[in-house]
Amino acid sequence: MSEPDAGDRDDAPPPGPCATVLAAAFAHEPAMTWISGGSDRVRQAWFTTTLRTHATLPGARRALLADPHGRPVAAAVLTPPAATPSGPARAAWAARALAGCGPRALLRTLRYLHAAEAETRPGAWTLEFIGVEPAAAGRGTGGRLLGHLLATTPAPGGVFLTTADEANVRLYHRFGFTTLRRLPVGPLEVTAMWRPAVVEETRTVR
């Protein structure tokens, strides 16, 4: 595996390849299945539209991890503290989501966001998405990418995330996240989690 290609909005990998990887990775994820109705087309359109808007945020981060042949197999998206799309950008996202994904997907996304954003910790980065293509899953790829992000993201306010997949909760616990609350969103049980900043202890040698 290559080193993750990551950075802020000026040098991060483009949204398109990240959207393609995440659409494949989230094919059976509960929240995305609920939002997309299980449609591959809707899921791809949703990620393409959402990451396009996310890329307009100052300081937004995307990361890609490639296999030895250079093919992207894992991706992640992070939002800086308190960063939100502008009014025009939000309106453009809603219009594209409505046209490409349909009213059900748009309304369910807004419902999920309303619940998740209410739990966000002040000053925390938000790990919006992290996923591995099914063919590359089970090899520690996701853990490697997550570890890289946590080590390289300047997050004195910690990192916040939500997940509707119970299997992910155990993974995030291993990386130092704690459960804040479990939220009912439609048929989903969404877990809000937070990882505090890790402060390196400094010892004085005498």
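Worth saying up front: this structure is predicted, and the values here are computed from it rather than measured.
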Would you be so kind as to tabulate the donor-acceptor pairs closer than 3.5 Å made by side chains of residues 22-35, with sequence neighbours excluded?
{"from": "E29", "atom 1": "OE1", "to": "A31", "atom 2": "N", "distance (Å)": "3.0"}
{"from": "E29", "atom 1": "OE1", "to": "M32", "atom 2": "N", "distance (Å)": "2.6"}
{"from": "E29", "atom 1": "OE2", "to": "A31", "atom 2": "N", "distance (Å)": "3.3"}
{"from": "T33", "atom 1": "OG1", "to": "E29", "atom 2": "O", "distance (Å)": "2.9"}

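- Of the inter-residue distances, the one linking L146 atom CG with H148 atom NE2 reads 11.0 Å to the nearest 0.5 angstrom.
- In the hydrophobic cluster analysis, where Ile, Leu, Val, Met, Phe, Trp and Tyr join through side-chain heavy atoms closer than 4.5 angstrom, L145 is grouped together with V159.
- Take R181 and apply the side-chain hydrogen bond (donor to acceptor under 3.5 Å, both in side chains) test, not counting sequence neighbours, and it matches E119.
- Taking S39 as the reference, nothing meets the side-chain hydrogen bond (donor to acceptor under 3.5 Å, both in side chains) condition, with sequence neighbours excluded.
- Between A97 and T49 the shortest heavy-atom distance is N-CG2, 3.9 Å.
- T126 is linked by a side-chain hydrogen bond (donor to acceptor under 3.5 Å, both in side chains) to nothing, counting only residues two or more places apart in sequence or in another chain.
- Using a 4.5 Å cut-off on side-chain heavy atoms (C-beta onward), P80 and P58 make no contact.
- Sorted by first then second residue, the ring pair (Phe, Tyr, Trp, His ring centres under 6.0 Å) pairs that include residues 123-147, not counting sequence neighbours, are W46-F129, F47-F129.
- Side-chain contact check for P17 versus L64: some heavy-atom pair is nearer than 4.5 Å.
- Separating the OG1 atom in T79 from the CG atom in L161 is a distance of 12.0 Å, to the nearest 0.5 Å.
- Partners of R71 by side-chain contact (heavy atoms from CB on, under 4.5 Å), not counting sequence neighbours, listed by chain and number: D67, V73, E133.
- L57 is not connected to F160 by any chain of hydrophobic side-chain contacts under 4.5 Å among Ile, Leu, Val, Met, Phe, Trp and Tyr, and they are in different clusters.
- Minimum interatomic distance between A74 and V132 (heavy atoms only, all atoms of both residues): CB-CG2, 4.0 Å.
- Looking at every heavy atom in both residues, A76 comes nearest to L149 through CB-CD1, 3.3 Å.
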inquiry  = I'd like to know whether L180 forms a side chain to side chain contact (heavy atoms under 4.5 Å, CB included) with R121, so could you lay out the CA-CA distance, the side-chain angles of the two residues, the decisive distance to 0.1 Å, and finally the verdict.
reply    = CA-CA 10 Å; L180 299 175; R121 284 293 183 99; 3.2 Å; yes
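- Between T178 and H173, the side chains place no donor N or O within less than 3.5 Å of an acceptor N or O (distance only, hydrogens not considered).
- Rounding to the nearest 0.5 Å places CG of L171 at 8.0 Å from CD1 of I130.
- The backbone N or O of A137 sits nowhere less than 3.5 Å from a side-chain atom of T141 that would complete a donor-acceptor pair.
- Applying the side-chain contact (heavy atoms from CB on, under 4.5 Å) test to A118 and every residue at least two apart in sequence or in another chain returns nothing.
- How far CD of E117 is from CG of L110: 9.5 Å, rounded to the nearest 0.5 Å.
- Contacts classified as salt bridge (Lys or Arg N to Asp or Glu O under 4.0 Å) and involving residues 167-180 (residues at least two apart or in different chains) are not found.
- Nearest heavy atom pair, residue R61 against residue P154, reads NH2-CD, 3.6 Å.
- With sequence neighbours excluded, the residues that form a side-chain contact (heavy atoms from CB on, under 4.5 Å) with T48 are A19, Q44.
- Of all heavy-atom pairs between T56 and A89, the closest is OG1-CB, 4.2 Å.
- Counting only heavy atoms from C-beta outward, the side chains of L98 and P103 approach each other to under 4.5 Å.
- Looking only at distances, a side-chain donor or acceptor of S36 sits under 3.5 Å from a matching main-chain atom of G38.
- Across every non-hydrogen atom of C18 and R62, the tightest pair is SG-CB, 4.0 Å.
- Identified under the ring pair (Phe, Tyr, Trp, His ring centres under 6.0 Å) test for residues 52-109, with sequence neighbours left out: none.
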What side-chain donor-acceptor pairs closer than 3.5 Å can you find for residues 182-198, not counting sequence neighbours?
{"from": "R182", "atom 1": "NH1", "to": "E166", "atom 2": "OE1", "distance (Å)": "3.2"}
{"from": "R182", "atom 1": "NH1", "to": "T191", "atom 2": "OG1", "distance (Å)": "2.8"}
{"from": "W194", "atom 1": "NE1", "to": "G157", "atom 2": "O", "distance (Å)": "3.1"}
{"from": "R195", "atom 1": "NE", "to": "F175", "atom 2": "O", "distance (Å)": "2.7"}

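- For the pair L65 and R144, the minimum side-chain heavy-atom distance is below 4.5 Å.
- Inspection of the R96 and T53 side chains reveals an N or O donor paired with an N or O acceptor under 3.5 Å.
- With rounding to the nearest 0.5 angstrom, the OH atom of Y172 is 5.5 Å from the OG1 atom of T163.
- For the side-chain contact (heavy atoms from CB on, under 4.5 Å) test, residues two or more places apart in sequence or in another chain that qualify with R90 are T84, P85.
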